[in-house]
Number of protein chains: 2
Amino acid sequence: MPADFAKLLREKGIQPSAQRLAVAEYVLFTKEHPSADQVWAKVRAVCPVLSRATVYNTLNLFVKKKLLRELVLSEGKVVFDPKMEAHHHFIDEHTGRIEDVPWNAISVSRVSGLKGYDVREYMVVMRGRTRRKSC
Amino acid sequence: MPADFAKLLREKGIQPSAQRLAVAEYVLFTKEHPSADQVWAKVRAVCPVLSRATVYNTLNLFVKKKLLRELVLSEGKVVFDPKMEAHHHFIDEHTGRIEDVPWNAISVSRVSGLKGYDVREYMVVMRGRTRRKSC
DNA sequence: TCGTAGTTTAGACATAGTCTAAGTTTGTCG
DNA sequence: CGACAAACTTAGACTATGTCTAAACTACGA
């Protein structure tokens with residue numbers, strides 16, 4: 001955990017304001033996977049002068065500057081998939097379109113040997129762009 | 001595509017109402033990955049007597065009865081992860097808690113050979129229960 | 001026909017996230 | 001220092017997604 005968060009932010013091209021430092025101190029080193037509102041709650045306990053909009057702005061900024069990763073499958077929505085057999089998913093980065101990838105196209109090993117977890121199901125989620133002609 | 005949707009629903013223990021049939025006809029055989037409101041829009045075009053609540057109820061019922069799968073990483077929210085190196089994720093089915101799984105714990109092959117896709121990044125998403133003592 | 005369980009409905013409510021317009025802070029340059 | 005501009009923060013309005021409720025409707029067996 002760095003002593004100097006301001007320096008860390010500056011290195012990424014982010015102006016280190018008090019609010020951003022408070023958010024950074026919590027979110028950059030947590031082991032939890034907090035939602036934006038959870039971040040807001042945590043940081044407000046330390047730094048009460050902090051609006052919700054700033055937390056959202058700051059988190060999005062951190063994601064853009066590669067300090068954080070956003071974990072989400074589709075673009076903020078729950079989607080439904082009628083294909084009940086196991087399969088993988090590919091998400092087109094430009095369009096957000098989700099495509100099914102057949103189970104056998106990819107092989108994954110050592111899942112069942114994972115220590116500490118009973119894995120009931122799994123899938124590979126890929127992101128990138130489609131190389132199709134017709135689209 | 002089955003001729004008799006009513007029979008299909010009854011086999012799963014679902015009373016086949018007109019609304020449920022209309023939803024089933026669209027959602028069980030689409031290649032899209034529609035959100036709930038997209039389903040509503042599509043089905044309402046065919047069957048205008050259909051409320052939003054019924055669509056949500058029906059979709060959730062179909063998921064419970066294993067006709068559909070819900071594609072979502074965390075429980076409907078975007079969460080943030082400060083770990084920027086590639087890694088996988090395990091989601092505890094009971095608590096919804098997300099844990100990081102080291103990249104080397106699992107091996108995935110043939111991703112880069114996928115026809116038609118430029119995969120820029122990928123991860124394995126697992127679901128199940130944690131077998132830890134302390135929790 | 002009646003009663004009941006199951007289903008559907010509109011709309012209120014809740015939560016997640018974005019946007020805006022105004023106010024505050026910060027950095028720069030004379 | 002002083003003032004200006006750019007960057008940042010704010011409250012609250014707004015949109016979208018999803019849940020809940022109470023009332024109305026429907027199907028169906030006794």
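Every chain is numbered from 1 and lettered A, B, ... according to where its sequence line falls, protein lines coming before strand lines.
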Smallest heavy-atom separation, B:Gln19 atom then B:Thr54 atom, equals CB-CG2, 4.0 Å

I want to check one thing: is the phosphate of C:dG17, taken as OP1 and OP2, less than 4.0 Å away from some side-chain N or O of A:Tyr56? yes

Any idea how B:Tyr117 and A:Phe90 line up, ring-wise: parallel (<30°), tilted (30 to 60°), or perpendicular (>60°)? tilted

Assuming nearest nucleotide by heavy-atom distance, tell me which of B:Gln15 and A:Pro48 is located more 5' along DNA chain D. A:Pro48

Using OP1 and OP2 only, check whether a side-chain N or O of A:Ser17 sits under 4.0 Å from D:dC8. no

D:dT10 OP1/OP2 closer than 4.0 Å to side-chain N/O of A:Thr54: yes

Listed nucleotide nearest any side-chain atom of B:Gln19, set C:dT8, C:dG17, D:dT17: C:dT8

Compare side-chain N and O positions of A:Arg52 against OP1 and OP2 of D:dT10 and report whether any pair is under 4.0 Å apart. no

Nearest to the B:Ala53 side chain among C:dA10, D:dT10, D:dC8, which nucleotide is it? C:dA10

Any B:Asn57 side-chain nitrogen or oxygen under 4.0 Å from OP1 or OP2 of D:dC20: no

Rounded to the nearest Å, what distance is computed from the NZ atom of residue A:Lys64 to the P atom of nucleotide C:dT18? 13 Å

Heavy-atom nearest nucleotide on DNA chain C for B:Val49 versus A:Ala18: which residue maps closer to 5'? B:Val49

Rounded to the nearest 0.5 Å, how far apart are OG of A:Ser51 and CZ of A:Arg44? 10.0 Å

